[in-house]
Amino acid sequence: SDLTDATGMYRLPADSIWFQIGNGAWPRGSATTNPLYFGTGPTDGYLSLDIHFMLELDGNEHAGSFITNAVVSGMRQP
């Protein structure tokens, strides 16, 4: 969802967030769920992933601190 500042009054659109898993592409965030599929085949019981986030600002944003929450979950596909 959109990023909200600490007062809850100002927002940055969700598509100003970019994210990357491993060394993959940098897709934009969105206000809806972004399913990503990573890895194939068996693992040794776990799969370690590096997840990076980047915030794109254009200079027209309200000054201050913004809060975001990223929920990351994993699922085994049959």
Side-chain angles (χ1 to χ4, degrees):
S1 64
D2 292 344
L3 301 177
T4 305
D5 77 344
T7 67
M9 294 178 56
Y10 299 100
R11 296 184 181 273
L12 295 175
D15 67 358
S16 63
I17 298 175
W18 295 74
F19 58 94
Q20 178 190 45
I21 298 178
N23 291 322
W26 282 90
R28 284 188 181 270
S30 71
T32 60
T33 302
N34 292 83
L36 299 172
Y37 300 96
F38 193 86
T40 58
T43 66
D44 292 331
Y46 69 94
L47 179 62
S48 178
L49 300 174
D50 292 321
I51 302 174
H52 307 273
F53 296 92
M54 177 173 57
L55 183 60
E56 179 180 39
L57 303 175
D58 64 15
N60 293 316
E61 299 80 16
H62 178 77
S65 299
F66 287 82
I67 300 168
T68 187
N69 183 22
V71 177
V72 179
S73 60
M75 175 186 298
R76 180 182 162 271
Q77 295 288 320

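Treat the numbers as computed from the prediction; the structure is a model and nothing was measured.
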- request: Might you work through the side-chain contact (heavy atoms from CB on, under 4.5 Å) test for M54 and Q20, ending with a clear yes or no?
  value: CA-CA 9 Å; M54 177 173 57; Q20 178 190 45; over 6 Å; no
message: Is there a path of hydrophobic side-chain contacts, each under 4.5 Å between heavy atoms, that joins L12 and W18?
response: no
message: Tell me if the CG atom of N23 is crowded by more than 12 foreign heavy atoms within 6.0 Å.
response: no
message: Please report the interatomic distance CD1(I17) to CH2(W26), rounded to the nearest 0.5 Å.
response: 11.5 Å
field: Non-neighbouring partners of D50 that pass side chain to side chain contact (heavy atoms under 4.5 Å, CB included), sequence neighbours left out
entry: H52
